[in-house]
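What follows is a short report on a single structure.
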Amino acid sequence: MVNQPLFAAPKGTFDHVPPRAETILAVRDAMAEQVRRAGFGYIETPSFEETALFVRGVGESTDVVTKEMYSFTTKGGDDVTLRPEGTAPVLRAALENNLHRGALPVKLWYSGSYYRYERPQKGRYRHFSQVGAEVLGTEDPASDAELIVLAVDAYRALGMTGVRVVLNSLGSEESRPAYREALREYLRGLDLDEQTAARVEANPLRVLDDKRPEIQAALADAPVVADFLSPADRTHHDTVCELLAEAGVPFEQDPRLVRGLDYYTRTLFEFVHDGLGSQSAVGGGGRYDGLSELLGGPRLPGVGWALGVERTALALEAEGVPLPGQNGLDVYAVPLGGEASRHLFGVATELRRAGVRTDMAVGGRGLKGAMKAADRSGARFALVVGERDIAEDEVQVKDLRSGEQEAVSFSDVVPHVTRRLGH
Ligand code: HAM
C-alpha cells in the first residue's frame with residue numbers, strides 16, 4: 001500500500017521551499033536593506049491583536065474588517081484577530097511603549113506574516129508576508145517622498161524594472177467633508193443595490209474602491225478629491241511630487257486611487273506591476289494623520305507603506321530577473337567510509353568556522369552518488385577522502401568547474417581552500 005500524506009497546507013496558503021524560498025529571503029533582505037540605510041528601527045509586534053484594534057483602526061466598513069479577518073474568542077474569553085495588516089499594530093505598540101514621547105519622528109520597519117480570509121487566486125493568499133515601514137510624528141511631505149523612493153530603490157536593487165508608482169491625495173480632514181458630501185450627492189443619483197446605497201451614507205469613499213465593472217463605469221463622472229483639496233493639502237501633495245521628480249522617481253497621478261483601508265489621509269500611493277494579472281499591487285501605503293487619535297492616542301501624524309513579499313517574488317519571475325543562487329555552497333565533502341567521514345566531519349566544521357559554506361555527504365553514499373550530489377550542490381570544490389587518502393594523510397581537492405584534482409595534506413586543506421576561494 002502506498003502511504004498518502006494526511007495533511008496539506010490550508011487553502012489559500014502555501015509553503016516556501018528551496019530553492020524558490022531563496023527568492024523570498026532575497027526580497028525581504030533587499031527591502032530591509034533600504035529602510036535600515038535610512039535610519040528606521042526594527043519593530044516586532046504579536047501576530048494577533050485585540051479584534052477592536054482593527055475594527056477601529058482599519059475601519060468598520062472595509063472589506064478587510066467585514067469579510068477578511070481571522071477572528072476568534074480565546075479560551076479566556078478575549079476577542080482576538082490574526083493581524084490582517086501592520087499599521088494599526090505598530091501604532092498601538094508605539095503608543096503603548098511611549099516611543100512618541102522621545103525624539104520625533106519615530107521611524108520603524110517590520111517584516112512578518114499577515115492573514116486575510118480572501119478568495120485565493122494568483123498573488124492573493126490567506127497567509128502572506130509584508131515588509132513595512134512607518135514614520136510617526138511628522139507631517140513633513142519629505143517623509144512621504146522618502147518612503148516612496150526607498151520602496152522604488154528596493155525594487156530596483158532586486159533588478160525589477162516594471163514597477164509603476166501611482167499617486168493620489170485624499171486630502172486631510174480640512175478637505176474631506178466637502179468632498180464626501182459632493183461624492184455622496186453624486187452617488188445618491190445612481191441606481192445602486194441596497195448594500196451599496198447604505199455604504200454611500202456610511203462612507204461614500206469606500207464605494208470608489210468597489211471593483212465591480214458596472215460600479216466603476218457609473219463612477220466615471222464622479223467628483224474627484226483633487227478638486228476639493230485645501231491650499232495646505234495641495235502644497236503638501238505638490239511637494240511630494242517635486243521631491244519624487246528630483247529623486248528621479250517617475251510616478252503617475254491617479255485621482256481615482258483609493259485603497260481598502262479607512263485610515264488614509266492626504267498622500268496615498270500604490271506600487272503596481274503589470275506582469276501580475278489582477279493582483280497587480282506589489283505594495284502600497286499612505287498617510288494616516290488621524291489614526292493615533294482614533295486609537296485613543298495624542299495627535300501623531302504618520303505615513304508608511306507595506307510591500308508584499310510574495311507578489312514581489314512573482315513580479316521578479318514575471319520579468320525573468322535571474323533569481324539569487326540556489327544554494328551558495330563553496331565546498332562539498334565526500335567521505336568514502338566511516339573513518340573518512342570522521343576525518344572530514346572535522347574538516348567541514350573547521351571550514352565553516354573559517355566562513356566557508358560547506359556541506360558534506362552523509363549516510364555512507366558511494367562515490368558516484370556523492371559526486372553527483374556535489375555537482376548538483378553548485379559547490380566550487382569537492383573534498384574526497386577514501387581509506388588510502390587517510391593512510392597517506394591526504395585530501396583530494398577537486399575543482400568542480402575545471403575538473404582538476406590535487407592532493408592536499410589534512411593540515412593544509414583549510415588554508416588551501418580558503419586561499420583558492422579568495423577568502
Ligand atoms: P495593503 O495594500 O493592504 O496595505 O497591503 C500591502 C501589500 O501587501 C499589497 O500591495 C500586496 O502586495 C500585499 N498583500 C495584501 N494582501 C495580500 C494577500 N491577500 N496576498 C498576498 N499579498 C497581499 C497595508 O497592509 C497597509 N498596512 C500599508 C501601509 C503601511 N499603509 C500605511 N502604512
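Order of appearance sets the numbers: ligands from 1, and atoms from 1 within every ligand.
- For the salt bridge (Lys or Arg N to Asp or Glu O under 4.0 Å) criterion with R199, the lone passing option out of D63, D193, D209 is D63.
- No side-chain donor-acceptor contact under 3.5 Å links S169 and H236.
- Distances between N or O atoms of E270 and those of ligand 1 include no value under 3.5 Å.
- Proximity to Y264 (heavy-atom distance under 4.0 Å) selects the following atoms of ligand 1: 26 (C), 28 (C), 29 (C), 31 (N), 32 (C).
- Between F72 and Y70, the gap from one ring centroid to the other reaches at least 6.0 Å.
- Geometrically, ligand 1 and E310 share no nitrogen or oxygen pair separated by less than 3.5 Å.
- Looking only at heavy atoms of the protein, atom 13 (C) of ligand 1 is closest to G308 CA, 3.7 Å.
- R259 and Y264 share a side-chain donor-acceptor pair at under 3.5 Å.
- Against a heavy-atom cut-off of under 4.0 Å, G283 is close to the following atoms of ligand 1: 10 (O), 12 (O).
- Side-chain contact annotation: Y125 with Q279, donor-acceptor N/O pair under 3.5 Å absent.
- In summary, the atoms of ligand 1 found under 4.0 Å from a heavy atom of E85, numbered by their order in the structure, are 25 (O), 26 (C), 27 (N).
- Scanning the protein for heavy atoms near atom 9 (C) of ligand 1, the closest one is A281 O, 4.0 Å.
- Of all protein heavy atoms, the one closest to atom 32 (C) of ligand 1 is G304 O, 3.3 Å.
- Proximity of G260 to ligand 1 is not established, as no heavy-atom distance is less than 4.0 Å.
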Taking only distance into account, with no hydrogens and no angle test, what donor-acceptor pairs under 3.5 Å do side-chain atoms of residues 281-296 form with protein atoms, sequence neighbours excluded?
unit_1: R287; atom_1: NE; unit_2: D144; atom_2: OD1; d: 3.2
unit_1: R287; atom_1: NE; unit_2: D144; atom_2: OD2; d: 3.0
unit_1: R287; atom_1: NH1; unit_2: T138; atom_2: O; d: 3.1
unit_1: R287; atom_1: NH1; unit_2: D289; atom_2: OD1; d: 2.8
unit_1: R287; atom_1: NH2; unit_2: T138; atom_2: O; d: 3.3
unit_1: R287; atom_1: NH2; unit_2: D140; atom_2: O; d: 3.4
unit_1: R287; atom_1: NH2; unit_2: D144; atom_2: OD1; d: 2.8
unit_1: Y288; atom_1: OH; unit_2: E134; atom_2: OE1; d: 2.7
unit_1: D289; atom_1: OD1; unit_2: G302; atom_2: N; d: 3.4
unit_1: S292; atom_1: OG; unit_2: P298; atom_2: O; d: 2.5

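- Compare Y263, Y288, W305, F271 by their heavy atoms: the one nearest to atom 26 (C) of ligand 1 is in Y263.
- Taking every heavy atom of Y125 and a limit of under 4.0 angstrom, the matching atoms of ligand 1 come to 18 (C), 19 (N), 20 (N), 21 (C).
- Annotation: L261 places no N or O atom under 3.5 Å from an N or O atom of ligand 1; distance criterion only.
- Scanning the protein heavy atoms around atom 30 (C) of ligand 1, the nearest turns out to be T87 OG1, 2.9 Å.
- The protein heavy-atom contact nearest to atom 3 (O) of ligand 1 is R116 NH2, 2.9 Å.
- Atom numbering of ligand 1 starts at 1 in the shown order; those under 4.0 Å from a heavy atom of A306 are 6 (C), 7 (C), 28 (C), 29 (C), 30 (C).
- Polar contact with ligand 1: absent for F128 (N/O pair, distance under 3.5 Å).
- Q130 and S111 share no donor-acceptor pair across their side chains, judged by distance under 3.5 Å alone.
- For the residue pair R101/N98, the side-chain donor-acceptor check at 3.5 Å is satisfied.
- Heavy-atom separations between G123 and ligand 1 include at least one value shorter than 4.0 Å.
- With respect to atom 1 (P) of ligand 1, the closest heavy atom belonging to the protein is R259 NH2, 3.5 Å.
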R180/E173 under salt bridge (Lys or Arg N to Asp or Glu O under 4.0 Å): CA gap, chis, key distance, verdict: CA-CA 10 Å; R180 213 178 279 132; E173 272 314 308; 3.5 Å; yes
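- One option in E118, R119, R124, Q130 has a heavy atom closer to atom 6 (C) of ligand 1 than any other, and that option is Q130.
- Rounding to the nearest 0.5 angstrom, the gap separating the CG atom in L314 from the CD atom in E319 is 12.0 Å.
- Interface atoms of ligand 1 facing V282, defined by a heavy-atom separation under 4.0 Å, are 10 (O), 12 (O).
- If you check the side chains of T81 and E49, you find no donor sitting under 3.5 Å from an acceptor.
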Tell me which donor-acceptor pairs under 3.5 Å the side chains of residues 218-230 have, and how far apart each pair is, sequence neighbours excluded?
unit_1: S230; atom_1: OG; unit_2: E174; atom_2: OE2; d: 2.8
unit_1: S230; atom_1: OG; unit_2: D233; atom_2: N; d: 3.2
unit_1: S230; atom_1: OG; unit_2: D233; atom_2: OD2; d: 3.4

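- For an aromatic pair to be called close, the ring centres must be under 6.0 Å apart, and Y110 with Y42 fails this.
- Numbered from 1 in the order shown, with element, the atoms of ligand 1 that lie under 4.0 Å from a heavy atom of E134 read 30 (C), 32 (C), 33 (N).
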